[in-house]
Amino acid sequence: MKNFIEVTELKKVFGNGEDEVHAFGPATININSGEFVSVLGPSGCGKSTLMLMVAGLLDSTSGKVEFENKVVSGPKTDIGIMFQDNTLVPWRTVRGNIELQLELRGLNLKDYQEKINNILKSVNLDDFADRFPNELSGGMQQRAAFCQAMIHDPKIILLDEPLGKLDAMTREKIRADFQKLWMVKKPTVIFVTHSIEEAVQLSNRVILITPRPGKIDREIKIDLPYPRDLQIKRSAKFTEYVNSIQEVFHKYGVI
Amino acid sequence: MKKFIKWIASGWMLILFFVGFFLFWEYSIPLFDIPRYILPSPSEIVLKGSADLDKLVYYTGVTALETVLGYIIALILGVGFGIAISFSSILRRTLYPFFVSIEMTPKIAFAPLFISWFGFGLMPKVIIVVLVCFFPIVLNAILAFNSLSNELTLFYQSTGASRLKTFFSIRLPAALPQCFVGFKYAAINATVGATIAEFIGSDKGLGFYISIVTGNMRPDLAFAGIFFLTVLGLTIFGFVTMMEKILIPWHISMKRINK
Ligand SMILES: Nc1ncnc2c1ncn2[C@@H]1O[C@H](COP(=O)(O)OP(=O)(O)OP(=O)(O)O)[C@@H](O)[C@H]1O
Ligand SMILES: [Mg+2]
């Protein structure tokens, strides 16, 4: 049987001639429905590039991306995507920005008010629903952007360092909340991150990418029970996973 | 009232400067023995100007009509062409470089030609105002509609929203701040265009008035005309600035200044 998402020999080269930058691949990745996969790699290895190609927002140089046997040839609209730089618009409040996602998709705002309140509460932004993005800190903006990306309940979620700008404590909390959400709704998640610990805590599988041009160094299946709470994070097995990943990147001289 | 006090408190240095400036002007005339046909004192300008008030007010109306009409036409054409050029790659390669190169020529140099083609009436003045206002508006509009961030472009693509919806929800509001840069610049140009057009050929309006009274050795009246011209210019600029505050209150650069 074919996999839910199949990335086959996918490669991206930007520019041409002297300005050519080989950004990613070729790489092959298969992802099952409902799986949580993290993509881990050094800065500039092509993680964002990979994500954009999977979302159909960037043409590949060669290779293909398939969702349920259908080749992606244009922007995929049945996904939730969060970019590395947030997509909040300065002329709308936090609530307005979340509603923008719904409006653009032609969904009924009234049906979602309750949900907006809940998701804002879950990231501790309920007091800031009517504030504008420039009145928020960088971390708060990122949390608002997270809500914006998730509000329409996507079955496929692509996140590019969604927690990058957050402080350690908030980060921990959102990880836990996100894990809970994933356990309940079982969306398929591709999660780009710089944090090894975060990848191990959240994922079924971690994909390690080599320095640019990013190829797959190896995939590590994380065999730990969910929910992965503090206790599991303190376990020997967890530490073992973290250490083994650290060793791989140590080998490349990136840590 | 509270606002007014706050305004005085924050602007007292400027007010002091203006008061000092006019006092210096007033008293340096007798002090340095400057003849009144060279430079009249402020009090004389007020006195003589108010005797000619009817004419000044009427001419202000004439010039205001030319300016506002030309400005509005330029606004509609400028934003229209700006959007068209931003969304059409053919226009971007033809009309856009054409506009950029015309921008380099001083538009006001066409004024005598337009007067000779279209006569002394309202139309040539309006055309000249349109000409001086159109280019800053259209060039800023093109810049505005082309500078949407990469992330926002990808974001709306991933929602599958129609182009029309995207335009009104994202592209238009995102473009407004840069558009207003052009609107404001054009607002400053507008009265200049109308005045020069009137200098060159007209039988009414503030530009006409100033050139006639200057010829009659009446700098006091010329200054009165300049005063009304300044008020007209400030009113138009003030209106555009007010519209900016109403339409894009979220605009950060403005918020910083307000703080
Ligand atoms: N639009 C583009 N044009 C040219 N080169 C690009 C473009 N986008 C990315 N690149 C190049 O491709 C390479 C990979 O970029 P990418 O953003 O995918 O890295 P990344 O793994 O996401 O890095 P980071 O962890 O820092 O976000 C980089 O060397 C970058 O310079
Ligand atoms: Mg990146």
Side-chain angles (χ1 to χ4, degrees), chain A residues 48-49 51-59 72-94 96-107 109 130-136 141-142 145 148-152 154 156-162, chain B residues 79 82-83 86-87 89 140-141 143-184 240-259:
Chain A
S48 299
T49 306
M51 219 190 66
L52 291 181
M53 289 192 288
V54 170
L57 293 167
L58 181 70
D59 290 333
V72 173
S73 57
K76 263 193 89 62
T77 57
D78 55 346
I79 59 170
I81 183 164
M82 189 173 162
F83 301 93
Q84 203 162 358
D85 288 308
N86 76 56
T87 50
L88 303 175
V89 297
W91 59 89
R92 282 172 175 244
T93 60
V94 168
N97 266 289
I98 297 172
E99 287 174 347
L100 182 62
Q101 172 85 266
L102 304 168
E103 275 174 47
L104 289 173
R105 291 174 180 275
L107 298 167
L109 296 186
D130 300 318
R131 296 300 184 96
F132 287 87
N134 71 324
E135 297 174 296
L136 307 185
Q141 288 178 14
Q142 210 165 26
Q148 187 192 50
M150 307 292 291
I151 191 65
H152 56 296
I156 300 158
I157 299 175
L158 309 178
L159 302 169
D160 196 348
E161 291 189 47
Chain B
V79 173
I83 292 173
S86 303
F87 290 94
S89 58
N140 276 291
L143 185 65
F145 283 99
N146 274 317
S147 54
L148 192 68
S149 81
N150 200 21
E151 279 72 31
L152 279 177
T153 310
L154 296 173
F155 170 58
Y156 79 68
Q157 284 175 351
S158 79
T159 65
S162 70
R163 292 183 71 152
L164 197 70
K165 203 181 228 170
T166 318
F167 180 81
F168 285 107
S169 296
I170 295 185
R171 286 196 171 271
L172 183 64
L176 280 179
Q178 185 64 43
C179 281
F180 264 98
V181 172
F183 297 168
K184 280 169 35 178
V240 175
T241 309
M242 194 178 77
M243 288 312 291
E244 184 183 27
K245 278 191 183 160
I246 292 171
L247 288 176
I248 46 175
W250 48 271
H251 186 41
I252 299 169
S253 77
M254 219 152 58
K255 278 201 172 132
R256 289 221 181 100
I257 295 167
N258 283 348
K259 261 174 196 165

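Any value given below was found using the heavy atoms of this structure, including those in side chains, with hydrogens, waters and symmetry copies removed. Lettering follows sequence order; numbering is per chain, from 1.
With a 4.5 Å cut-off on non-hydrogen atoms, A/Leu104 touches chain B through its backbone and its side chain both. Contact of A/Leu58 with chain B is not made at all, since no heavy-atom distance falls under 4.5 Å. Contacts between A/Gln101 and chain B at a heavy-atom distance below 4.5 Å involve backbone atoms as well as side-chain atoms. For a residue to count as touching a neighbouring chain, one of its non-hydrogen atoms must lie under 4.5 Å from one of that chain's; by this rule B/Leu176 does not touch chain A.
Environment of CG in A/Asp59: sparse, with no more than 12 heavy atoms of neighbouring residues, nucleotides or ligands closer than 6.0 Å.
Listed for the B/Asn140 side chain is no donor-acceptor partner under 3.5 Å among the backbone atoms of B/Cys179. Looking at A/Gln142, its side chain does come within 3.5 Å of a backbone N or O of A/Glu161 through a donor-acceptor pair.
Of the N and O atoms on the side chains of B/Ser147 and B/Gln178, not one donor lies less than 3.5 Å from an acceptor on the other residue.
The aromatic rings of B/Phe167 and B/Phe145 lie parallel to each other, with less than 30° between the two planes, well short of the 60° mark.
The choice from A/Gln148, A/Arg92, A/Gln84 that makes the most heavy-atom pairs within less than 4.5 Å of chain B is A/Gln148. The most heavy-atom pairs under 4.5 Å with chain B, out of A/Leu88, A/Val89, A/Ile79, A/Thr77, come from A/Thr77.
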